[in-house]
Amino acid sequence: MTAAPAEPVIRIAGITKSFGSHQVLKGIDLAVGKGEVVAIIGPSGSGKTTLLRCINFLEEYDGGSVRIDGVEVGYKDTADGRRRRSDRELARIRVEAAMVFQQFNLFPHLTAAQNVMLGLVKSRGKSKGEARQIAEKWLTRVGLAAKFDALPSQLSGGQQQRVGITRAVAMEPKVLLLDEITSALDPELVGEVLAVVQELAAEGRTMILVTHEMAFAREVADRVVFTDQGRIVIDAPPATVFDDQPNERLRSFLSRFAAFHRPR
Amino acid sequence: MALFFQTLPFLLDGLLTTLLVSVSVVVLSLAIGIPLGCMLVFGPLWARLPIRLYADFVRGVPILVLLYFVYYGLPVIAVNLPSLPAAVVALTAFKTAQIIEIARGAFQSIPVDQMEAAKSIGLTLPDRFVHVLAPQAVRRFLPPFVNSVVDTVKGSSLVSLLGVVDLMLSLQQVIGRTHIALPLYGIGALMYFAINFPLSALSRRLEKRFI
Ligand SMILES: Nc1ncnc2c1ncn2[C@@H]1O[C@H](COP(=O)(O)OP(=O)(O)OP(=O)(O)O)[C@@H](O)[C@H]1O
Ligand SMILES: [Mg+2]
């Protein structure tokens, strides 16, 4: 899995992004093949979240391009030049890169099942009945069979995040984006959420995940990408990244995670 | 007691006028204020600016000044409203400004995270509005709105100053003829209370439920 496959699901080419005068992404290239799991690690502020948010155009990149299955995400070329895509086009593309958020971001007025059903009905054109079935199937899979009709406020953090994952993966996106999805959880709840991600990885789903759980990244990722100051410094298999790493910046970053253990 | 039954029909007429004024003001200000509130949040700058100015200005002026302005001031430019419509127009102008503010607050209290989550599962703008933003905004809108309805009922007593015979003025007229002030004011207060107490209770329940 070292070389990027010929037909990548995600092809990021030279994207740049500035907030004001601060250039946060300084030309990022990344290709992710079908079924690959890519973990992004790196110091705080190195641009991991921004990179992930550019993939589904929650953040508008300034230069370069992001393609999902060959389709440019945020812009299209028309007779009179490069144009930002319409809201409707963006919606159709975004659903192919569904995202799981650090703070869960569940819809508080909807039950667990309704949170999952909304996108299925509105973006995937399912009937309410079909959507309900799919939602129940997925929620059961992640251990929430008893919680279909619970509101997010009635769920623990770990349960909420499992709904968050379900809401995204039920859309059957081409790639799943996960941004530090266990950072807001109490340590004892991290394991139940990572177990779900691991299962999704095992069944061959394409995923890009930003994480501070090094042991987890090592276990689940096909490739680990190390970002620093808006650039990708290293893009290699976990063994290469975590063992006997010659790169000074990566070594010093990793030394902060001396204890490579994952609570389960 | 005999006095009570003699004056009651007259007071009930006044109460009816108070209710008529209050309901008209609430319905009209909702119909105007909600769209303007939405424009203040989502509209282009050229639309937001005048709405912002209107809401700030009107909320900064005593209601009485608005009443006199509409009733005594507008005839100067040949807008001659009878007292009841003038009262409704002035109170609606004020209430609309409040509704605009409440609606703005309700929308802006919804974190952007919610819109991003909706985008990331492929919802278009209309779906994001209908299924994610609006239902949450309504929940934040209701408690302050119901409180503001209570204010409307109480504030409507000002229309008596334009000669509209509402509950307030009918009380004063009865007192003027009978010279029995205390029990009659007591009855009047009870009538206002009978309308407003259930509303306040409703607002408290909504607040518990939604905030
Ligand atoms: N909306 C924004 N406006 C201004 N600056 C921003 C914005 N979002 C991010 N930044 C800045 O961009 C840089 C990269 O942020 P980003 O969130 O991508 O980092 P990160 O690698 O995800 O960090 P962390 O590990 O702390 O989550 C930071 O310096 C941050 O302050
Ligand atoms: Mg981040």
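Letters go in sequence order (proteins before strands), and every chain restarts at 1.
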Heavy-atom count around B:Leu182 CG within 6.0 Å, excluding the residue itself: above 12? no

B:Ala117 and A:Asn105: which non-hydrogen atoms are nearest, and at how many Å? CB-O, 3.5 Å

With B:Lys119, which of A:Leu90, A:Asn56, A:Leu58, A:Val95 fulfils side chain to side chain contact (heavy atoms under 4.5 Å, CB included)? A:Leu58

Honestly, the part of A:Arg124 sitting under 4.5 Å from a heavy atom of chain B is neither

Would the number of heavy atoms belonging to other residues, nucleotides or ligands and lying under 6.0 Å from CZ of B:Phe57 be above 12? no

Flag if over 12 foreign heavy atoms under 6.0 Å of OH, B:Tyr54: yes

Reported OG-to-CZ distance for the pair B:Ser120 and A:Arg167, which is rounded to 0.5 angstrom: 6.0 Å

Rounded to the nearest 0.5 Å, what's the gap from CZ on A:Phe107 to NE2 on B:His131? Could you check? 11.0 Å

Check the surroundings of atom CD in A:Gln133: do more than 12 heavy atoms from other residues, nucleotides or ligands lie under 6.0 Å from it? no

More than 12 heavy atoms of other residues, nucleotides or ligands under 6.0 Å from CZ of B:Arg59: yes or no? yes

Given side chains that start at C-beta, do those of B:Glu116 and A:Arg53 come closer than 4.5 Å, heavy atoms only? yes

Please look at A:Met99 and chain B and tell me whether the side chain, the backbone, both or neither of the residue comes under 4.5 angstrom of a heavy atom of that chain. both

Does B:Asp127 form a side-chain contact (heavy atoms from CB on, under 4.5 Å) with A:Leu118? I'd like the steps, not just the answer. CA-CA 9 Å; B:Asp127 283 335; A:Leu118 184 58; over 6 Å; no

For the NZ atom of A:Lys122 and the CG atom of B:Leu123, what is their distance to the nearest 0.5 Å? 8.0 Å

Distance, nearest 0.5 Å, that separates CZ of B:Arg128 from CG of A:Asp87: 4.5 Å

Whether the side chain of B:Thr124 engages the backbone of A:Arg88 through a donor-acceptor N/O pair (distance < 3.5 Å, no angle test) should be reported. no

In terms of heavy-atom pairs under 4.5 Å with chain B, which of A:Arg94, A:Arg92, A:Gln103, A:His109 leads? A:His109

